[in-house]
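Here the structure is laid out as structure tokens; the discussion comes afterwards.
Each chain gets a letter, A, B and so on, in the order its sequence line appears, and its residues count up from 1. Worth knowing before you read on, the calculation uses all heavy atoms, side chains too, and leaves out hydrogens, waters and symmetry mates.
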Number of protein chains: 2
Amino acid sequence: MTTTIKDIAKRTGVSHSTVSRALRGDPLISFETAKRIRQAAKEMAYLPSAAARSLKTNRSQVLGVIVSSIDDPFFSEIVFGIEEAAQEAGYRLFIAASQHDPAREQKIIQAMMEHRTDGVIICSSSFSSDQGRQLLEYGFPIVVVNHQGAENFHYSIFHDDINGSRQITRHLIDLGHRKVAYLGNSLSGRTTLDRLAGFQAEMQAAGLTIPDEYVHHVAGNSPQFGMDGSNYLLNLKQPPTAIVCFNDMLAIGVLKCCRQAGLNVPDDISVTGFDNITFSAYTHPPLTTFDQPKQSIGSEAARLLLDLLDANPNGAVFQPKEIVLKGRLLVRDSTAVPSAVRNTL
Amino acid sequence: MTTTIKDIAKRTGVSHSTVSRALRGDPLISFETAKRIRQAAKEMAYLPSAAARSLKTNRSQVLGVIVSSIDDPFFSEIVFGIEEAAQEAGYRLFIAASQHDPAREQKIIQAMMEHRTDGVIICSSSFSSDQGRQLLEYGFPIVVVNHQGAENFHYSIFHDDINGSRQITRHLIDLGHRKVAYLGNSLSGRTTLDRLAGFQAEMQAAGLTIPDEYVHHVAGNSPQFGMDGSNYLLNLKQPPTAIVCFNDMLAIGVLKCCRQAGLNVPDDISVTGFDNITFSAYTHPPLTTFDQPKQSIGSEAARLLLDLLDANPNGAVFQPKEIVLKGRLLVRDSTAVPSAVRNTL
DNA sequence: CAGCGTGATGCACACGTGTGCAGACCGGGT
DNA sequence: ACCCGGTCTGCACACGTGTGCATCACGCTG
């Protein structure tokens, strides 16, 4: 059996309320008594029951985290940031992966509500707005990561993807590329659209047109999908001289596909990624990418949510808040002057 | 306010006990009443309070998962397997990363105990036996993944690393390698020792000796550590013709280091990994590795734990159980006949 | 008509913790 | 002697759910 405050009360000869107060550090209890009680608690290896406390206080000290998939390194790093911040504040994490499956999402939401999670952080790109509304109706503080459906929720934190994508594109244009394609992931919703928008904006600013077939979407994030997508692009009548990939995962597949097609990166074709996941530094050639501060995004999201929790009990409705983080262009070796231009030098 | 069974009781004109029974599907309640109650519950958007239930039943429907680090793809995939199995059985996951930090581990354990987690799965390589004992004393069912300190716990599930490592080593020996080095991760405890043992056993079986300086350990799992380690090995007076790496993460760093040193893999030197993480198929050259069934390991661990939970309430002590899973050698392009041998052909 | 069994429901308590309120105790000032 | 204020502690109830037991209505049998 686990020991309870009643056991401690019996042993120290006080009431269980006194024990409760003493352990919570209530100044009502005299120092001497509190000391005795703490001592006894330690000796009896007392551990408070989170269930009982949460039942009484309506606070679970748990944050829910909904993520598209755990084994995507991008999300892993964000979760890492969340965990750091949560841990520090004495909160625990309740993590679940939606796997782009609506039925599964529904179960996750239900579970989080049943556990009376204090708040929820959504990093799932495919999160439906119906389900978001459902959470909101229950009064859950929600923070959205990565701009996903941010208009429905009031608190969000995201990376400036449009700007990042513009920088990537600018970099390629500066190198002399004119025929640039975009490879997106149709499952990534808003994020892929933002990056596409940045790409288009910068191309347009440079007076360059984008043939329809140069914008291609695949339905997943793995390198395998990157290979599929680049297969398509490389087999166009007019293949591009550079491919802007939605993220590093796809780019890694693109690199492999190019190699298999006998193309040398970056001499024959340039490839860019996005996110700067760990492995992007170890591809061959190392990937030019946009370094998104993933860990900061996670920890900022957690902090924002925690702030909301501190304020909400008053019933005070916060101002909607958006935090935008900026990353930086990381030029490595997968991009270079296109061969056509090089030959004219 | 959230609705409770009392609210439903008031609305349907029955007692709260009847509601409780009806919703739990107790056959004591007449079909008609149960139907009315279920209907009302749905209309009122009732969601049971996990805290209250868990307080009363002493079951939280939550499994604790302790992992070394979330952003290591190897662990991510194991967690993925755990989640699949847990979700199916109606259990939730409580994930925490120890980051090889004992203080942090202590906090994690405490949190899990306070939440009265139904059971714990430990995937953390650096988990101290003190803390394990602490968990056991509290009567937690524990399943250990990857052989880590399995002798202290009664239920474990792991991959046959010794055999896998032998196969990898055998493969290199068959190719003609005689000067083979092992690059381990000193933080991975038992796992790295098993793989080292397999390596040594197979080398010995082939009548080959291993110079002391051919066994080298680094203190982490990132590719960067792999680069550090291979830097050491390549600068020996007698550098090896093949490097057996503890895992893919290290191997990925080794590949990069070799390239930077102007060495061609596999023509100049062979490199092997272990685990078959997603990226090992996309390195250049694609990595020869040992495919460990990570997802199965996770789901098997969860299933074993769930079995324990079903049985334990009776107080019946289970037989200790070890489940050993086997993987398979995956020969890709990072290994080849050593140049010295090739030249004599 | 009494007695009994059966099926459906309510009563009351329990789980472990937190908290408003009352009350006990003590010392000091009139 | 009385009162007052301050300090400390206990009583009792609450949180939402689950469950043993008593209760009640009903129909059947002898």
Side-chain angles (χ1 to χ4, degrees), chain A residues 1-38 40-41 44-62 90 110-111 113-118 138 313, chain B residues 1-38 40-41 44-62 110-111 113-118 138-139 313:
Chain A
M1 270 317 286
T2 53
T3 65
T4 72
I5 52 172
K6 288 186 185 174
D7 300 327
I8 302 179
K10 210 167 291 172
R11 165 137 161 208
T12 52
V14 297
S15 74
H16 82 273
S17 352
T18 303
V19 176
S20 171
R21 291 199 173 94
L23 295 180
R24 307 226 78 212
D26 193 318
L28 278 180
I29 306 301
S30 75
F31 182 76
E32 279 306 319
T33 318
K35 190 173 164 189
R36 256 177 54 229
I37 292 177
R38 278 197 303 270
M44 302 173 75
Y46 167 73
L47 279 179
S49 154
R53 175 175 293 169
S54 132
L55 175 61
K56 188 64 189 167
T57 62
N58 255 322
R59 296 294 231 87
S60 60
Q61 297 287 105
V62 171
Q110 185 173 332
M113 302 208 282
E114 289 185 3
H115 280 86
R116 307 292 193 264
T117 291
D118 287 340
Y138 269 83
Chain B
M1 272 315 287
T2 53
T3 64
T4 72
I5 52 173
K6 288 187 184 173
D7 300 326
I8 302 179
K10 209 167 292 172
R11 165 138 162 209
T12 52
V14 297
S15 74
H16 82 273
S17 352
T18 303
V19 175
S20 171
R21 290 200 173 94
L23 294 180
R24 307 225 77 211
D26 192 318
L28 276 180
I29 306 300
S30 75
F31 182 76
E32 280 306 321
T33 319
K35 190 173 162 190
R36 257 177 53 228
I37 292 177
R38 277 197 303 270
M44 302 173 76
Y46 167 74
L47 278 180
S49 154
R53 176 174 292 168
S54 133
L55 176 60
K56 189 64 188 168
T57 61
N58 255 324
R59 295 294 230 88
S60 60
Q61 297 286 103
V62 170
Q110 184 173 333
M113 300 208 283
E114 288 186 3
H115 280 86
R116 307 293 193 263
T117 291
D118 286 340
Y138 268 83

For His115(B) and dT17(C), give me the distance from atom NE2 to atom P, rounded to whole Å. 13 Å
Considering every strand and a 4.0 Å limit on heavy-atom distances, what is the contact class for Tyr46(A): base, sugar-phosphate, or nothing? sugar-phosphate
Check this one for me: any side-chain N or O of Thr33(A) less than 4.0 Å away from OP1 or OP2 of dT9(D)? yes
dist Arg11(B):CZ -> Thr3(B):OG1 (nearest 0.5 Å) comes out at 9.5 Å
Let me confirm one number: the OG1-CD1 distance from Thr18(B) to Ile8(B), rounded to the nearest 0.5 Å. 12.0 Å
Using whole Å, report how far CZ of Phe31(B) lies from C1' of dG7(C). 16 Å
Scan residues 12-27 of chain A against DNA chain D and write down, sorted by residue number, each residue with any heavy atom closer than 4.0 Å; if none is found, say none. Gly13(A), Val14(A), Ser15(A), His16(A), Ser17(A), Thr18(A), Arg21(A)
Between Ala34(B) and Arg53(A), who's closer to the 5' end of DNA chain C by nearest nucleotide? Ala34(B)
dT7(D) P sits how many Å from Glu32(A) CD, rounded? 17 Å
Roughly how many Å is it from CD1 in Ile8(B) to P in dG18(D), rounded to a whole number? 11 Å
Starting from P on dA14(C), measure out to NZ on Lys6(A) and report it in whole angstrom. 8 Å
Quick check for you: among dT17(D), dC8(D), dC15(C), whose closest atom lies nearest to any side-chain atom of Leu55(B)? dC15(C)
Just how far is it from atom CZ of Arg38(B) to atom CD1 of Ile29(B), taken to the nearest 0.5 Å? 11.0 Å
I'd like to know if the side chain of Thr33(A) pairs up with that of Ser30(A) as donor and acceptor (distance under 3.5 Å, no hydrogens or angles considered). yes
What is the distance, to the nearest angstrom, from the NZ atom on Lys10(A) to the P atom on dT17(C)? 13 Å
Gap between atoms CD1 and P, on Ile5(B) and dA12(C) respectively (whole Å): 16 Å
How many angstroms lie between CZ in Arg24(B) and CZ in Arg53(B), if you round to the nearest 0.5 Å? 5.0 Å
Rounded to the Å, how far apart are Arg59(B) CZ and dC15(C) P? 19 Å
Hey, what do you get for CG (Leu28(B)) to CZ (Arg21(B)), rounding to the nearest 0.5 Å? 6.0 Å
Is any side-chain heavy atom of Gln61(B) less than 4.5 Å from a side-chain heavy atom of Ser54(B)? no
